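Only a predicted model underlies this, so the values are computations on that prediction, with no experimental measurement involved.
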Amino acid sequence: MSTITGRAAPTRRSFNFGRWFRTTGWRHVVGVIVVIFSLFPIVFVVSSSLNPNGTLTGSNALFSKIGLDSYIRIISDPQVPFTTWFANTLIIAGITAVCTVFLGALAAYSFSRMRFTGRRMGLITIVVVQMFPQLLAVVAIFLLMSAIGDLFPAIGLNTHVGLIMVYLGGALGVNTYLMYGFFNTIPASIDEAAKIDGAGHARIFFTIILRLVAPILAVVALLSFISSVNEFVIASVLLVDTEQQTLAVGLTKLVSNPRYADWSAFSAGAVMAALPVMALFLFLQKYIVGGLTAGSVK
């Protein structure tokens, strides 16, 4: 071919390891180190959950002993209502995630698309309130829920509805501000075109905007679900009865006894508690990596 066209065939550049490492190779090394660092706690917990001895010190030699005794013990022990705790956690975390996404999306759409008195002050208030950790309000939350329980026992102390309301109040601000920035990236021309066709705010929100902001909705739902599953302080204060408690509170009882802490059963419960989070992440992954405006315009 080179003789026909009169052009010399391009010479193939030899592989230079130093140049490759300086440009992209070091990123692979850093990625492998981060993956190993992230997987080590998971491997350690799985090894501890498979250790039939029930102690954490005996599991330092990873997978030295393997058995399902801890899983069977935590599920079948009548004094440890693991299945009840698991169901309570899924119900509370699921409802909290759905309501957080819906209410946050409504608030973010209002701040992003509408102009009303107090809009700027409302956004500033949301940011300022998030500066204070929720732990500072534990006493106030307890007193407030106790007073509400005297009037409406169904949403007071020791109720799942009351705990969900507290979670919604704590997460609504930061999620609204997070969604607000994402809503602003949606072109306003889409709204204007829909209004010309006779669509109102409700129709635009439910049929157009929600589809375009699916990535941020998936992220907020995942973060809300994870935080609700892992939350301990407020759940331990509001939920008193054992049958009403969540996994984070219930599993802590297994290691709260200084004389005997069943770390193996605790690790088994932690492994099973992580399964719904992994399943939700895998389910929402396609929405997180999906395009922002895929299919929005022709």
Side-chain angles (χ1 to χ4, degrees), residues 87-116 118-119 122-123 125-127 129-130 134 137 141 144-145 148 152 154-155 159-188 190-191 194-195 199-231 234-235 238 246 276-296:
N88 294 340
T89 302
L90 292 182
I91 293 173
I92 293 174
I95 296 177
T96 301
V98 172
C99 293
T100 298
V101 169
F102 181 69
L103 296 177
L106 288 176
Y109 178 77
S110 301
F111 282 115
S112 176
R113 291 297 193 264
M114 302 177 184
R115 298 296 180 266
F116 51 88
R119 171 180 171 274
L123 290 173
T125 303
I126 290 176
V127 177
V129 170
Q130 299 308 311
Q134 199 174 20
I141 291 174
L144 179 62
M145 298 305 295
I148 293 176
F152 306 99
I155 58 176
T159 62
H160 293 167
V161 178
L163 182 62
I164 292 173
M165 292 176 60
V166 174
Y167 285 165
L168 290 177
L172 187 58
V174 62
N175 291 327
T176 298
Y177 197 79
L178 181 64
M179 292 184 185
Y180 166 76
F182 203 89
F183 271 68
N184 286 339
T185 62
I186 304 298
I190 297 179
D191 298 42
K195 291 178 180 178
H201 284 293
R203 185 176 180 182
I204 294 173
F205 175 76
F206 286 104
T207 61
I208 300 176
I209 300 298
L210 286 184
R211 297 181 181 181
L212 300 181
V213 297
I216 193 63
L217 298 182
V219 171
V220 171
L222 181 62
L223 294 178
S224 177
F225 188 87
I226 293 176
S227 61
S228 299
V229 171
N230 296 333
E231 204 282 322
I234 297 179
L238 297 184
T246 59
V277 177
M278 295 176 56
L280 182 63
F281 178 81
L282 294 176
F283 175 74
L284 296 178
Q285 186 178 13
K286 59 182 179 180
Y287 299 100
I288 296 175
V289 301
L292 174 61
T293 57
S296 62

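The side-chain heavy atoms of Val229 and Pro276, taken from C-beta on, include no pair separated by under 4.5 Å. Between Lys195 and Ile204 there is a side-chain heavy-atom pair separated by less than 4.5 Å. Between Gln285 and Leu282, the closest side-chain pair of non-hydrogen atoms falls below 4.5 Å.
One distance of note links CG of Leu212 with OG1 of Thr207; it measures 9.5 Å at 0.5 Å rounding. Expressed to the nearest 0.5 Å, how far CD1 of Ile141 lies from CG of Leu163 amounts to 9.5 Å. Within the model, atoms CG of Leu222 and CG of Leu284 stand 6.0 Å from one another, a figure rounded to the nearest 0.5 Å. Annotation: the span from Ile186 atom CD1 to Ile208 atom CD1 amounts to 11.0 Å, rounded to 0.5 Å. Distance check: Leu223 CG to Ile216 CD1 gives 8.5 Å after rounding to the nearest 0.5 Å. A distance of 5.5 Å separates CE of Met165 from CD1 of Ile148, quoted to the nearest 0.5 Å.
Of all the heavy atoms in Asn184 and Ser112, the pair that sits closest is OD1-OG, 2.7 Å. Between Phe111 and Arg119, the closest heavy-atom pair is O-NE, 2.7 Å. In terms of heavy atoms, Met145 sits closest to Ile155 at CE-O, 2.9 Å.
At least one donor-acceptor pair closer than 3.5 Å links the side chain of Arg113 to the backbone N or O of Phe183. A donor-acceptor distance shorter than 3.5 angstrom exists from the side chain of Thr185 to the backbone of Phe182, with no hydrogens or angles considered. Distance alone, capped at 3.5 Å, places no donor-acceptor pair between the Ser228 side chain and the Phe225 backbone.
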If you look only at distance, which donor and acceptor atoms sit under 3.5 Å apart when one is on a side chain in residues 170-177 and the other is two or more places apart or in another chain?
| unit_1 | atom_1 | unit_2 | atom_2 | d |
| --- | --- | --- | --- | --- |
| Asn175 | ND2 | Ala171 | O | 2.9 |
| Thr176 | OG1 | Leu172 | O | 2.5 |

Let me check something: any side-chain donor-acceptor pairs from residues 96-110 under 3.5 Å, sequence neighbours excluded? List them with distances.
| unit_1 | atom_1 | unit_2 | atom_2 | d |
| --- | --- | --- | --- | --- |
| Thr96 | OG1 | Ile92 | O | 2.6 |
| Thr100 | OG1 | Thr96 | O | 2.6 |
| Tyr109 | OH | His201 | ND1 | 3.2 |
| Ser110 | OG | Leu106 | O | 3.0 |

Exercise. Evaluate side chain to side chain contact (heavy atoms under 4.5 Å, CB included) for Phe281 paired with Val277, printing each intermediate quantity in order.
Key: CA-CA 6 Å; Phe281 178 81; Val277 177; 5.6 Å; no
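Atom CZ of Phe152 has 12 or fewer neighbouring heavy atoms from other residues, nucleotides or ligands inside a 6.0 Å radius. Heavy-atom contacts from other residues, nucleotides or ligands closer than 6.0 Å to CE of Met278 number 12 or fewer.
Paired with His160 under the rule side chain to side chain contact (heavy atoms under 4.5 Å, CB included), one option of Asn88, Leu238, Ile95 passes, and it is Asn88.
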